[in-house]
Asks: 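My questions all concern the structure below.
Keep in mind that the numbers below use all heavy atoms, side chains included, and drop hydrogens, waters and symmetry copies. Numbers restart at 1 for each chain; the letters A, B, ... are given by sequence-line order, proteins then strands.
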Amino acid sequence: MMAQVLSVLVWALLLSGAFFLVTGALGMVRLPDVFTRMHAAGMADTMGAGLILVGLCVHSGVNLVTLRLLLVLAFLWFTSPIATHALAKAALSGGAEPYTLAGGDEGERGTEAEGGGMS
Amino acid sequence: MREEVIIRVGAKFLAPFIIMFALYVHFHGDYSPGGGFQAGVILAAAFALLALVYGLEAVQKVLPLRFTRMCAALGVLIFAGVGVVTMLLGHNYLGYNALASDPTHPEHGQHYGILLVELGVLVTVFGVMVTVFYLFAGRGRRGS
Amino acid sequence: MFAVTAAALLVAMCLAMCRALLGPTAYDRVLALNNIGTMTVVLIAVLGFLNGRPDFLDLALAYALINFIGTIAVLKYIEYGDLGTSGGPRRRNASRR
Amino acid sequence: MNRVLWLWGILFALWLPLSDHYEPLFLFFGVLTCTIAVFVGARMGIVDRESVPVQLVWRGALYLPWLVWEIFKSNVRVARIILTPRLRVDPSIVHFRASQLTDLGRFIYANSITLTPGTVTTGIVGDDFEVHAIVQEEIDGSEENEMNRRVVVLEGEGA
């Protein structure tokens, strides 16, 4: 009984983590500029990696493997915002133009953003 | 990048842990994946991070270029020296069994021999990596 | 179930690789490569469980480390045009493509 | 000096379970390793209140679960934005003042902002934060003020 509950929990964690990872990667392709893509990458870094690693922790039980998984997770969550911040700052000072909604009517918005992302 | 709060505080926090992890990878080379080469690279990466944040001069005060060049040669000396010592003890070149303190258990010698040889690899890789980084990052400053 | 997760990771890495190839700015490529590095770390962990050898986690940690320091180094090079400087004036209008 | 001992203890406490060998030889290697790491840190002058924030451990344990819950909520919001076929993004860059007193507090606040997808800290000058948001409502809401308040509490009375 206990084993089945754990197995279902591991499945749920791994699948939801994979969902966030694929969604983040999809956002990397779809979103219009580098700053908005950072949010999608941040999604894959935080919840995507986090849920998968926590799922692996639950699967392995409490032992030294769990400690290493938690170390990897702590390291990812500590360094990912630093790298993202460095990237954003470098992009701003390097002259990348942040995408903003071109002042227009509502109907244009979606298609315009999408077109920018796919080009 | 010293004046930038986020990168400075992050690097300050991480650097000791990276050095600790590098030496852990070295000392546990025969129990888990890793060994001298990876440990040397990670150790050099810790100093590269410090040099990126605090500048080349600040790191070269702690770890001068002369010292890293010496490390590159010293590692090879350790490696070859272990081999010569085993030959002097009457075994083959790098025959680790000669290093066992207890002659009835020659397999213990393997452990010590590998640790010593890996130490040579670590020192050489660390020295070469940091030297390459120094020369690459400092090019165009003053001829070195 | 680890195989499913690994497959999803590979799909996500392919999508991010599209962004790394498309560009258009250097920052897009750095962002995509950093993201691919993170996914590689998770993939190493998942593959360790898939093969029943979780020893690979040390490699995942080392990879995460090199990924982080590499990203910082590339960004510093783009921003300052010099890896060894401790600050000072930035290079304006760095290469964008 | 106190911080140096703390750092040494933390590193050694991490070494023991990582190593999982308790023979005298490996304990000696552990002592050697931690001493080298702390020595390099002390020579670089990077062991201080910012890099070894042991004063934050208990309040941090209370802050972390709240942060994880915030990260989860904003992840769901950004996922919804990306998966909407029309892609309703409305990015903007805003400036605001943070109430933290120390660089460590600003570091924690800026990283918390970046960790929650939908907002990225793009620059800090003094206490002026520059934040990029994927939709403007992300930054206008009361949640940023809530996070600001909680980080001030986490930081304690300041330097």
Asks: Go through the atoms of D:Leu7 and report whether side chain, backbone, both or neither lie under 4.5 Å from a heavy atom of chain B.
Replies: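 The side chain, not the backbone.
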Asks: Once you round to the nearest 0.5 Å, how far does CE of B:Met20 lie from OG1 of D:Thr35?
Replies: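 Answer for the CE-OG1 pair, B:Met20 versus D:Thr35, is 12.0 Å.
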Asks: A side-chain contact here means heavy atoms from C-beta on lying under 4.5 Å apart; do D:Val40 and B:Phe47 qualify?
Replies: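 SC-SC contact between D:Val40 and B:Phe47 confirmed.
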Asks: Pick from D:Arg43, D:Arg106, D:His21: which one has the most heavy-atom pairs with chain B under 4.5 Å?
Replies: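 Top count of heavy-atom pairs under 4.5 Å with chain B: D:His21.
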Asks: Heavy-atom distance under 4.5 Å between the side chains of B:Phe13 and D:Pro53, does that happen here?
Replies: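 SC-SC contact between B:Phe13 and D:Pro53 confirmed.
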Asks: If you count every heavy atom of other residues, nucleotides or ligands that lies below 6.0 Å from D:Phe39 atom CZ, does the total exceed 12?
Replies: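 Open.
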Asks: Search all heavy atoms of B:Pro16 against all heavy atoms of D:Ala37 and return the closest pair with its distance.
Replies: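 That closest heavy-atom pairing would be O-CB, 3.6 Å.
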Asks: Which atom names give the shortest non-hydrogen contact between D:Leu32 and B:Phe27, and what distance separates them?
Replies: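 The answer is CD2-CZ, 4.3 Å.
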Asks: Given heavy-atom pairs under 4.5 angstrom as the criterion, report whether the side chain, backbone, both or neither of D:Asp48 touches chain B.
Replies: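 For D:Asp48, the side chain is the part near chain B, not the backbone.
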Asks: Salt bridge (charged side-chain N to carboxylate O under 4.0 Å, His left out) with B:Lys61: which residues, sequence neighbours excluded?
Replies: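 With sequence neighbours excluded, B:Lys61 shows a salt bridge (charged side-chain N to carboxylate O under 4.0 Å, His left out) to no residue whatsoever.
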Asks: Can you tell which part of D:Leu18 gets under 4.5 Å to a heavy atom of chain B, answering side chain, backbone, both or neither?
Replies: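 Both backbone and side chain of D:Leu18 come within 4.5 Å of chain B.
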Asks: What closest approach, in Å, do B:Ala15 and D:Ile46 show between heavy atoms, and which atom pair accounts for it?
Replies: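 Minimum heavy-atom contact is CB-CD1, 4.0 Å.
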Asks: Is the number of heavy atoms from other residues, nucleotides or ligands within 6.0 Å of CZ (D:Arg149) greater than 12?
Replies: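 More than 12 within 6.0 Å, yes.
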Asks: Atom CZ of residue position D:Phe72 - does it have more than 12 heavy atoms of other residues, nucleotides or ligands inside 6.0 Å?
Replies: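 It does not: D:Phe72 CZ has 12 such atoms or fewer within range.
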Asks: Please walk me through it: do B:Arg8 and D:Asp103 pass side-chain contact (heavy atoms from CB on, under 4.5 Å)?
Replies: CA-CA 10 Å; B:Arg8 176 172 53 89; D:Asp103 277 355; 2.8 Å; yes
Asks: Heavy-atom pairs under 4.5 Å with chain B are the metric here; pick the option from D:Ile124, D:Ile108, D:Thr121, D:Leu11 that has the most.
Replies: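 The residue among D:Ile124, D:Ile108, D:Thr121, D:Leu11 with the greatest pair count is D:Leu11.
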Asks: Compute the ring centroids of D:Phe26 and B:His28, then answer whether they are less than 6.0 Å apart.
Replies: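 When the ring centroids of D:Phe26 and B:His28 are compared, they turn out to be within the sub-6.0 Å range.
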Asks: Step by step, work out the side-chain contact (heavy atoms from CB on, under 4.5 Å) result for B:Leu115 and D:Phe29.
Replies: CA-CA 11 Å; B:Leu115 270 176; D:Phe29 286 157; 3.7 Å; yes
Asks: Do B:Tyr24 and D:Thr33 make a side-chain contact, defined as non-hydrogen atoms from C-beta onward lying under 4.5 Å apart?
Replies: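 Side-chain contact under 4.5 Å: no.
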Asks: Starting at CD1 of B:Ile6, measure out to OH of D:Tyr109 and round the result to the nearest 0.5 Å.
Replies: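 Atom-to-atom, B:Ile6:CD1 and D:Tyr109:OH are 12.0 Å apart.
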